[in-house]
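All values below were derived from every heavy atom in this structure, side-chain atoms included, with hydrogens, water molecules and symmetry-related copies excluded.
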Amino acid sequence: MRITSIVEALVQCGATPEMILCAVRAAEAGQQSGIDKRRASDRERQQRRRAHVTSQVVTATDGVPLSDKERSPAPPKEINSPDNTQTLAPRRPVPGGRRATRLPEQFEPDRDFAARLGFGAAQVELELEKFRDYWTAKSGRDAAKLDWLATWRNRMRNAARPRKDHRPQAPPRESAFARHQRECRQAIERELNGNLGNDDLINKPIFDLEPGDYRAH
């Protein structure tokens with residue numbers, strides 16, 4: 001029973017403060033006794049479980065207790081490098097013993113190759129400047145090459161390819177209002193041209209209607 005319920009019952013019965021204090025102390029003592037009993041019971045249950053496990057180990061080994069490693073085998077050890085990182089697989093050797101490098105500062109291209117492709121001296125210098133700026137600014141693994149002369153030749157081959165002509169842009173689409181104006185103008189022109197043979201229209205001025213708004217206002 002909760003202590004607050006006991007206090008409320010005693011207050012309703014008109015108990016004195018001394019009686020309420022005694023009742024609270026008795027209730028707390030009973031709760032502590034219950035806690036102590038549960039702890040003792042838990043200790044006894046754990047001791048019985050340990051004794052049962054020990055007896056099973058002794059029975060399974062015919063009286064010879066298992067070692068610590070046999071009871072709980074350790075997980076396999078991780079292979080770590082001295083800096084506590086995973087050891088990486090060795091890189092495959094590059095044929096010829098060469099290693100990829102970034103573009104050298106004093107790189108000199110094969111100008112004769114560019115001339116055979118039809119580039120002039122000024123065009124070669126312009127392409128070389130763009131080539132150096134591109135590969136100097138590029139980052140990552142792709143920025144390193146084994147053969148920079150071969151990279152230069154490939155760039156010049158691509159630059160020598162003729163560019164595809166751009167398709168001509170389609171004329172602007174005629175709106176519905178513009179089409180209506182054009183049809184009205186054509187109809188009026190046909191009427192005027194068809195009446196040119198009449199005597200009453202021979203001496204009348206003929207004019208050409210410009211595109212405009214023929215709607216009634």
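Atom NZ of residue K145 and atom CH2 of residue W135 lie 4.0 Å apart, to the nearest 0.5 angstrom. Taken from CZ in R38 to CD1 in I35, the straight-line distance is 5.5 Å, to the nearest 0.5 Å.
Every residue meeting the side-chain contact (heavy atoms from CB on, under 4.5 Å) condition with R179, not counting sequence neighbours, appears here in chain and number order: E174, A176, R182, E183.
The closest side-chain heavy-atom distance from M156 to F131 is not below 4.5 Å. When side chains are defined from C-beta on, F113 does not count as touching L149, because their heavy atoms never get closer than 4.5 Å. Side-chain contact check for I188 versus R185: every heavy-atom pair is 4.5 Å or farther apart.
Taking each heavy atom of W152 and L128 in turn, the nearest pair found is CZ3-CA, 3.7 Å. Residue L146 comes nearest to A100 through the heavy atom pair CD2-N, 3.4 Å, listed as atom of the first residue, atom of the second, then distance. Nearest approach of K138 to A143, heavy atoms of both residues: O-CB, 3.5 Å. Of all non-hydrogen atoms in L103 and W148, the two that sit nearest each other are N-CZ2, 3.1 Å.
Contacts classified as side chain to side chain donor-acceptor pair (under 3.5 Å) and involving residues 112-133 (residues at least two apart or in different chains) are given here: R111-E125, E127-K130.
Enclosure of atom CZ in R157 by more than 12 non-hydrogen atoms of other residues, nucleotides or ligands within 6.0 angstrom is indicated.
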